[in-house]
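Below is one structure, written out as structure tokens, with a few remarks after it.
Note that the coordinates shown come from a computational prediction; the quantities given were computed from them, not determined experimentally.
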2 protein chains.
Amino acid sequence: MFATSVASPALPEALWPVPASTLRWDSQEHLFHEGDPVSAIFTIESGAVVIYRTARDGCRQIHGIRFQGELVGIGYNVTYGVSAVAVRPTSARAVSRATLDRLLDNDPTLARQMMRALTSELRRTSNLLMVIGSRTAIGRVAACLIDFSNRAADSDDTFVLPLSRGEMGDLLGLTIETVSRAMTRLKVLGIIALRRTDTVTIRKRATLLALAEEDGDGAARGRLCACSEARCTRYPPNEMTTTENRRPPVH
Amino acid sequence: MFATSVASPALPEALWPVPASTLRWDSQEHLFHEGDPVSAIFTIESGAVVIYRTARDGCRQIHGIRFQGELVGIGYNVTYGVSAVAVRPTSARAVSRATLDRLLDNDPTLARQMMRALTSELRRTSNLLMVIGSRTAIGRVAACLIDFSNRAADSDDTFVLPLSRGEMGDLLGLTIETVSRAMTRLKVLGIIALRRTDTVTIRKRATLLALAEEDGDGAARGRLCACSEARCTRYPPNEMTTTENRRPPVH
DNA sequence: GCGACAGCTTGACGACGGTCAATGATTTAG
DNA sequence: CTAAATCATTGACCGTCGTCAAGCTGTCGC
């Protein structure tokens, strides 16, 4: 859900031949905190990093998770706009802000790559916003699973969840319990299989996709309770002819 | 809520002395649609533009509104990642993508400005995500009003709503009715005053701010029903000592 | 093996907000 | 001024999901 084919990929390592040092973090260690002065930007070599922000009242909103080959901390600002924490042992190459700034002066190509990377970051946040803004719990979880499965390097339909239930909740704007119930429901419906609570096998990808996109194609409708005919009708889907995202607002 | 002091401002017009033509749109006319090839980026001279995306099922998620001096369409990609529609008669200067690309080759400063603008765009989307991900209806509406009041050029506490109830709903992930109820509640509580349904006066800014940030400082709590003591406890606020956004995740 | 602990699951309950429907307010056309 | 259209408001109803509180499962140390 959060990565898309439209968005540009992260900078390939081959195109990133700049002075960099490799750093390591244990699980739960922070790469940086929101508000810290920007010291460097990072390319993950191995592991996984969660990007998040914390509201005043302590609510945490995870913005996404980044894996090998992806960039972390690329906001071009004085301070980091998000926090970044490793969720498993992680190594990453750090390019200092000073180095980056120096290179940017002489390399328009690098600037373009940074712009593309920022655009990609924006796209992912936008995608998450779409999911949280209009999907119900099971739709959000479905979208999350689809995303993980697309990004996992494992065999196509089985992968290990990189996030705990609580972290998935913080990502999707749900509670632990609601995430758990959604997972259980997906399991009971035979859409996924679970082993050890963190190993997922997608059994009915089409159905899962439908849930993630709330296509409402009869079958198991998006609701956790699966008993309502209602769907998101903030804008009724009376113009679903266009295959691509192209739909003027009702006025 | 969506603009922040942390984020960099849009490019000042003075720093944008590039070949540009001024275009005009009536209310409800599109500047561009998501998926269109990027032809230009725009600096609004007057009017207001809504940025949005439409989900497959027809749900519209407004990402934000842009006013005079702000940029629209700055994603650095082949196609636009969002749609943009004028919500009142609007004029904007268009810098073609070709021109931009030519200038980027020779002007590292411009590249930096673009990166800052993209970072600002990212920040706004992130802020909206924070609001939608964890605030209840009245908190979302409160945050929206605070944002409008901060950005309005009018007298400090009175401003004209640039969005209809329905558009506010599409922005905040709520229905028209819920937005309306929240506005009414804010009015009944004496926190705002309404004239002609689109002219708002903020009477108790501190309270409105508290609602927007769910500080839960006694007084009128965030709920529409105002009878529950419960608050967002996805991550209990047991560490609210830090004044700024700095809070390690619970592990 | 056992106990302790963390994370996950499941149930009960109720509030929030979506849905449907009717009414009211404002604007525009004639 | 009246009619029509659009938008906003208000009410009734109920599904979803947050909350609270058990119980369950798997892991770790010993």
Heteroatom pairs (N/O) under 3.5 angstrom, protein to nucleotides 8-13 of chain C:
residue, atom, partner, partner atom, Å
C/dC8, OP1, A/Arg165, N, 3.3
C/dT9, OP1, A/Arg165, NH2, 3.2
C/dT9, OP2, A/Arg165, NE, 2.8
C/dT9, OP2, A/Ser180, OG, 2.7
C/dT9, O5', A/Ser180, OG, 3.1
C/dT10, OP2, A/Thr184, OG1, 2.7
C/dG11, N7, A/Arg181, NH1, 2.9
C/dG11, O6, A/Arg181, NH2, 3.3
C/dA12, N6, A/Arg181, NH2, 3.4

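Nearest heavy atom pair, residue A/Met130 against residue B/Ala55, reads CE-N, 3.6 Å.
For A/Thr90, there are no side chain to side chain donor-acceptor pair (under 3.5 Å) partners at least two apart in sequence or on another chain. For B/Arg203, the salt bridge (Lys or Arg N to Asp or Glu O under 4.0 Å) criterion is met by no residue, not counting sequence neighbours. The salt bridge (Lys or Arg N to Asp or Glu O under 4.0 Å) test applied to B/Arg196 returns B/Asp198, not counting sequence neighbours. Listed by chain and residue number, B/Thr22, B/Arg24, B/Glu45, B/Ser46 satisfy the side-chain contact (heavy atoms from CB on, under 4.5 Å) test with B/Ser91 (two or more places apart in sequence, or in another chain). Among residues two or more places apart in sequence or in another chain, the side chain to side chain donor-acceptor pair (under 3.5 Å) test is passed with A/Ser27 by none. Applying the side-chain contact (heavy atoms from CB on, under 4.5 Å) criterion to B/Leu163, with sequence neighbours excluded, gives B/Val50, B/Ile65, B/Phe148, B/Glu167, B/Met168, B/Leu171. B/Ala142 meets the side-chain contact (heavy atoms from CB on, under 4.5 Å) test with B/Leu208, B/Leu211, B/Ala212; sequence neighbours excluded.
Between B/Arg135 atom CZ and C/dA15 atom P the separation is 21 Å, expressed in whole Å. Across the protein-nucleic acid pair, B/Met168 atom CE and D/dT9 atom P stand 10 Å apart, rounded to whole Å. In this structure, the CZ atom of B/Arg140 is 8 Å from the P atom of C/dG18, given to the nearest Å. We find that CG of A/Leu174 is positioned 10 Å from C1' of D/dG18, with the value rounded to whole Å. Rounded to whole Å, the distance from CZ on B/Arg195 to P on C/dT26 is 12 Å.
Over its full length, the helix from C/dG1-D/dC30 to C/dG30-D/dC1 turns its helical axis through 40°, comparing axes from the five pairs at each end and rounding to 10°.
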